[in-house]
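Working notes, beginning with the structure itself.
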There are 2 protein chains.
Amino acid sequence: MSPARSRPGEPEFLHAYDPHAFPSFAVTVDLAIFTIRAGELAVLLVHRRDHPYRGYWALPGGFVRATESAMQAARRELAEEAGVTEFTGHLEQLQTYSDPGRDPRMRVVSIAHVALAPHLPEPVAGGDAAEARWWPVSSLHLEPAQTGDQPPRQAVAGEAGRLAFDHAQILADALERVRSKLEYTTLAASFIDEPFTLSDLRAVYAAVWGTAPDLANFRRKVLTTEDFVVQQRRSAAAAAGPAGGRPPLLYRRGNATMLHPPMLRLPP
Amino acid sequence: MSPARSRPGEPEFLHAYDPHAFPSFAVTVDLAIFTIRAGELAVLLVHRRDHPYRGYWALPGGFVRATESAMQAARRELAEEAGVTEFTGHLEQLQTYSDPGRDPRMRVVSIAHVALAPHLPEPVAGGDAAEARWWPVSSLHLEPAQTGDQPPRQAVAGEAGRLAFDHAQILADALERVRSKLEYTTLAASFIDEPFTLSDLRAVYAAVWGTAPDLANFRRKVLTTEDFVVQQRRSAAAAAGPAGGRPPLLYRRGNATMLHPPMLRLPP
DNA sequence: CCAATAGTGTCTGTAAGACAATATGGG
DNA sequence: CCCATATTGTCTTACAGACACTATTGG
């Protein structure tokens with residue numbers, strides 16, 4: 001659109017306008033990309049090869065370009081850093097982090113996003129050559145960081161150590177967003193490939209919440225929620241399964257997005 | 001904190017760093033400040049005296065300064081534009097709007113916020129001299145704008161007309177945020193001065209949702225939710241009331257923040 | 001027949017929806 | 001006493017929580 005043309009006097013104003021009259025910021029997007037690996041919730045981190053925070057693990061992300069929106073930048077980073085060509089999962093804005101001093105180089109505000117995707121490819125050698133890895137969320141010890149002001153955690157063998165910038169905070173917020181969204185949306189299905197079994201779907205809740213919802217009640221909730229999942233024609237026995245046991249029915253995602261009333265997680 | 005000192009090689013890197021290597025943005029905060037006036041949900045808009053969008057109504061807001069966070073900027077604008085000295089209400093970040101072209105001057109991302117406050121002062125002559133007014137949300141005709149792509153609404157006598165920038169979208173998102181937050185939080189109490197009656201509190205729900213929850217069920221929910229409200233010592237008859245009728249009990253806000261399970265609004 | 005996993009049935013408690021009844025103040 | 005508003009009570013229904021039971025495959 002070119003709305004300025006319809007507002008009298010504005011073109012002349014814009015012609016004379018000096019864009020340096022205001023403080024200048026860099027704007028980045030950072031992504032918390034979640035998936036389920038080996039029954040655990042995992043997040044993609046990249047190992048920083050450059051300053052600042054060289055050698056630290058960080059959320060993938062990058063600068064927003066002059067001609068793209070934050071959402072477009074997030075999709076671009078998703079492709080570049082996670083090697084996702086056509087993204088079928090879920091992507092949404094989380095929150096914007098703007099504390100002065102969060103980046104030692106200059107004033108940077110970061111528009112954080114959350115992505116959920118089924119079982120993405122391994123190390124993702126693509127991108128701009130930084131090492132990338134899936135980290136089980138449970139191995140990052142995020143929760144205790146919220147209690148009070150303990151000394152900053154140092155790197156520990158086999159773990160990611162402190163994250164770069166304020167990414168530990170962003171990741172904690174992203175986690176809480178995902179956990180709570182499973183309560184009142186159908187987003188859990190974004191974590192798995194189609195077709196899936198109800199056990200697969202329940203495993204998502206178990207991985208994200210750390211506690212599995214009651215089997216029977218879970219099935220009742222999912223199956224009685226209009227168009228949460230749609231059943232496929234009867235399946236052959238799942239080939240990859242651990243053999244024995246009754247073969248499960250297969251489902252695909254339905255068009256429902258909200259759960260009314262929500263499926264609440266309980267304290268473990 | 002000065003974390004750079006603890007990371008080897010980083011001080012030298014920062015010394016040589018050129019902050020102009022990345023696209024530069026202006027960053028603003030915009031505020032959707034809601035209150036209840038005459039039983040209706042109202043939002044504060046300012047009349048723009050300068051280009052761009054001169055003569056249009058807009059959400060109050062302004063540029064984030066070089067040394068403040070977005071939240072600090074929002075509090076500052078709240079004081080400057082709404083004349084609020086000590087703000088007792090609720091303020092939270094909504095979402096960030098970053099479409100290129102949303103501001104004809106230059107690349108601007110806006111970190112939108114939502115504020116809820118009890119019965120704020122009238123025209124708010126303060127601030128940088130722009131006219132400010134409370135507008136009943138119902139007079140802005142926001143909802144139909146979501147259905148399809150109709151031609152942009154023109155200014156109508158007695159109404160605010162089209163809003164500046166993408167503020168109609170921001171306001172619509174802010175509205176939905178507030179409406180849904182009343183369902184699962186105790187934020188409704190942020191809209192009214194203490195002490196208040198349960199009728200006052202119910203009137204908040206009626207104003208925000210457009211439909212009043214059932215009287216008896218509402219009281220049961222509020223009173224059985226631990227520490228949602230706390231009762232005061234018995235009141236003298238409310239002086240300002242419309243006379244007759246049984247005098248109500250008075251309450252203050254409790255410490256509870258969440259409603260479990262939520263109080264759902266129903267389709268009208 | 002046994003193991004293992006998938007799927008169903010049912011009882012119970014909590015709380016919401018609907019609506020009726022009672023309480024307490026001022027003319 | 002009448003009116004207006006506040007407050008309480010109760011019946012019904014929906015649904016989550018808990019847990020036991022049945023079904024269907026492979027060995």
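Residue numbering restarts at 1 for every chain, and letters A, B, ... go by the order of the sequence lines. Model, not experiment: these values are computed from the prediction.
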Side-chain ion pair, E176(A) and R265(A), N-O less than 4.0 Å: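 Yes, E176(A) and R265(A) are salt-bridged.
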Contact residues, residues 184-194 of chain B to DNA chain C [heavy atom, < 4.0 Å]: none
Return the value, rounded to whole Å, for the distance between atom [atom1] of [X] and atom [atom2] of [N].
X	N	atom1	atom2	result
L250(B)	dA6(D)	CG	P	11 Å
L201(B)	dT7(D)	CG	C1'	15 Å
Q231(A)	dA6(C)	CD	C1'	12 Å
L215(B)	dT7(D)	CG	C1'	8 Å
L249(A)	dT25(D)	CG	P	10 Å
F218(A)	dC19(D)	CZ	C1'	18 Å
L198(A)	dG7(C)	CG	C1'	9 Å
L223(B)	dA16(C)	CG	C1'	15 Å

Kindly say whether [Y] contributes a backbone atom to a donor-acceptor pair with the side chain of [X] at under 3.5 angstrom?
X	Y	value
Q93(B)	T96(A)	yes
T225(A)	F228(A)	no
R179(B)	W209(B)	no

Parallel, tilted or perpendicular: ring planes of W57(A) versus H47(A), cut at 30 and 60 degrees: tilted
Distance-minimising heavy-atom pair for P60(B) and L45(B):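 Smallest heavy-atom distance, with atoms named: CD-CA, 4.5 Å.
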Shortest non-hydrogen contact from I170(A) toward D30(A):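 Nearest heavy atoms, I170(A) then D30(A): CD1-OD2, 4.4 Å.
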Point-to-point distance, once rounded to the nearest 0.5 Å, from CE of M71(B) to CD1 of I111(B): 10.0 Å
Between CG on residue L223(A) and CD on residue Q231(A), distance to nearest 0.5 Å: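 The CD atom of Q231(A) is 8.0 Å from CG of L223(A), to the nearest 0.5 Å.
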List, with names and distances, any nitrogen or oxygen atoms from the protein found under 3.5 Å away from nitrogen or oxygen atoms belonging to nucleotides 13-17 of chain D.
unit_1  : atom_1 : unit_2  : atom_2 : d
dA16(D) : OP1    : K221(A) : NZ     : 2.9
dA16(D) : N7     : R220(A) : NH2    : 3.3
dG17(D) : N7     : N217(A) : OD1    : 3.2
dG17(D) : N7     : N217(A) : ND2    : 3.4
dG17(D) : N7     : R220(A) : NH2    : 3.1
dG17(D) : O6     : R220(A) : NH1    : 3.4

Below 4.0 Å: OP1/OP2 of dT8(C) and any side-chain N or O of R219(A): yes
Close aromatic pair by centroid cut-off 6.0 Å: F191(A) and F34(A):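 Ring-ring flag for F191(A)/F34(A): false, centres at least 6.0 Å apart.
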Polar side chain donor-acceptor pair, Y251(B) to D200(B), under 3.5 angstrom: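 The criterion, which ignores hydrogens and geometry beyond distance, is not satisfied for D200(B) and Y251(B).
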Hey, what are the protein-to-nucleotides 20-23 of chain C N/O distances that come in under 3.5 Å?
unit_1  : atom_1 : unit_2  : atom_2 : d
dA23(C) : N3     : R246(B) : NH1    : 3.2

